[in-house]
Every structure is written in structure tokens, then in C-alpha cells.
Amino acid sequence: MIDVHFVPTPNGNKVTIMLEEVGLPYRLIPYNMLEGEHLTPEFRRINPNGRLPAIVDHEPPGGGEPFAVFESGAILLYLSEKAGGALTPADPRGRSLAHQWLMWQMAGLGPMHGQAHHFIRYAPEGQDYGVARYGAEAARLLAVMDARLGEADYLAGEYSVADIAAWPWVRATYAIGLDLEPYPNVRRWVDAVGARPAVQRGVETRNAPNLQSRRPTLTPQQWSNLFGENMHRSFGVTSPPADRDPRR
Ligand SMILES: N[C@@H](CCC(=O)N[C@@H](CS)C(=O)NCC(=O)O)C(=O)O
């Protein structure tokens, strides 16, 4: 059995989609980040970085103690290997392409779209530089993806972990006001991936409540748990940059 420490966000949905695709049994352990449920020492022992998702495999390959994995991209690779190489191309070039596009998602599409969500939807009004910078990066990354999907059906040629990593982020672009209209190849791909029964099961009834609102309202306590003082203090950081003007 695999425990999935879970929030219904794009990063969380990567893991549930993958588990549905490969058919490994799992149990969801939901967290309410607004209430700061991820800020505990117990969870830090599972994910030293304190973010979600993370998994604990109670029957790891090779046996032994339960094994924890954090970082959604590393989780996808772990599950692929556990499922006998599922959703990673068998040939070396295809495998490298899957790794390249997975790393691109983890280092580019995810963080840049994440910052676009932060500045456009959560940050106080008037953060024009952040909105412009990350909004433009989010659009640029979609253009990169559109060019790739103009030459191949899927990011690595065949459907793979790279598509599973990218798809939940691309389907959330409406929340940052990005229209997919200028990206016909991405639109074709979003529909093709979204039509897969395992993908539909992976996101079923698990749409993030915070994705349903273009501009969620947070109480000061919720802000502190998610972005501010409570969150930083749980790491022993006493001067949280998000809580003060860094120029003063
Ligand atoms: N690179 C990490 C990102 C994880 C991440 O930032 N998760 C968000 C939810 S999707 C989170 O835990 N946010 C809480 C926080 O930032 O304190 C991954 O892909 O797993």
C-alpha cells in the first residue's frame, strides 16, 4: 500500500493520475494547508521540504522499512520504476526525452506557473512586476510546449510521465487568465490526455477548491500558514521575507 500525502492541486494530481494509470493500490491522506496541517514535525520527517505531495511506500522494492519519497517528479519516476518501467519509454532516446520534459516541467513550467498563480491570484494588488514577469514566462512556456507538440503527439513522443507532470498545470491555466486559443497543439494534447479514463479518475472529485476561484480570499491566519510567518517559523526562519518589504 502507498500512502499519498495529498492536496488537490496540480502537483498532487500528478501522483493520483500516475497511480491510477499504473494501477498500484494507494490511500489518500488529505491535508488542509490553509489550516497549516503540513507544518508539523511529523510531516517534515516524510518531506524535509515540508511541501505536498509526498508518498510513503509500505512495500518498497527490495523490502525493508517503509520508504518516503518527496518532489512530485521524483515520485513519478519512483512509481514508474516500481511498476516495471511503466510510462517511461523503453528506448534510450525516448527515455531521455521523457526525462528532459519531466525536468522541464519540474524546473520551468511548474515553478513559473506557480509564481504566476501567486502573483495574479494571491498577492496583494499592485504587484505589477511579478504579474508581468511570471505571466509572460507562463505564456512563453506554453509556446515552447506548443512547438514540441507540433512535432510529436506527446512530449516524449509516446504518452509518458512527462505528460502526467505537465497536464494538471496546463489545465489550470484558466485560473491565471491564460487562454489556450493561441496554442492549438497544446489544446489537442490537453483533450487527448484528459480523455484517458485513468486521468479522469486521478482528478475525479479532487478539484482544488482554491482553483475554483480566480482570486481566493484568505484570512490573515490562512495567509500566514500558506505563505507567511507561521510557515517560515516552522522552518526556524524568523524574518519571513513574504511578511515584510525587503527594501526596508
Ligand atoms: N517541487 C515540489 C513543489 C511542491 C509544492 O510547492 N507544493 C505546494 C502545494 S501544490 C505546497 O506544498 N505548498 C505549501 C507551501 O508552500 O508551504 C513538487 O513538485 O512536489
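Order of listing sets the numbers, starting from 1, for every ligand and every atom in it.
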Qualifying residues under salt bridge (Lys or Arg N to Asp or Glu O under 4.0 Å), relative to Asp146, sequence neighbours excluded: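 By the salt bridge (Lys or Arg N to Asp or Glu O under 4.0 Å) rule, Asp146 matches no residue at all.
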
For Glu65, salt bridge (Lys or Arg N to Asp or Glu O under 4.0 Å) partners two or more places apart: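 Testing Glu65 for salt bridge (Lys or Arg N to Asp or Glu O under 4.0 Å), a comparison that skips the adjacent residues, returns none.
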
Aromatic Tyr183 / basic Arg188 pairing, under 6.0 angstrom, 45° off normal: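 No, cation not above the ring by the 6.0 Å, 45° rule.
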
Within 45° cone and under 6.0 Å: Arg215 NZ/CZ vs Tyr122 ring: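 No; the conditions do not both hold, so Arg215 does not lie above the ring face of Tyr122.
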
Sub-4.0 Å heavy-atom environment of ligand 1, residues by chain: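 Only Thr9, Asn11, Met33, His38, Arg51, Leu52, Pro53, Glu71, Ser72, Met106, Leu226, Met231 have heavy atoms that fall under 4.0 Å of ligand 1, ordered by chain and number.
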
Expected list for residues 73-90: side-chain donor-acceptor pairs under 3.5 angstrom, two or more places apart:
residue	atom	partner	partner atom	Å
Tyr78	OH	Asp57	OD2	2.7
Ser80	OG	Ala86	O	2.7
Ser80	OG	Thr88	OG1	2.7
Lys82	NZ	Asp57	OD1	3.4
Lys82	NZ	Asp57	OD2	2.9
Lys82	NZ	Glu59	O	2.7

Whether Trp223 and His118 hold their rings parallel, tilted or perpendicular, with breakpoints at 30° and 60°: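 Geometry flag for His118 against Trp223: tilted rings.
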
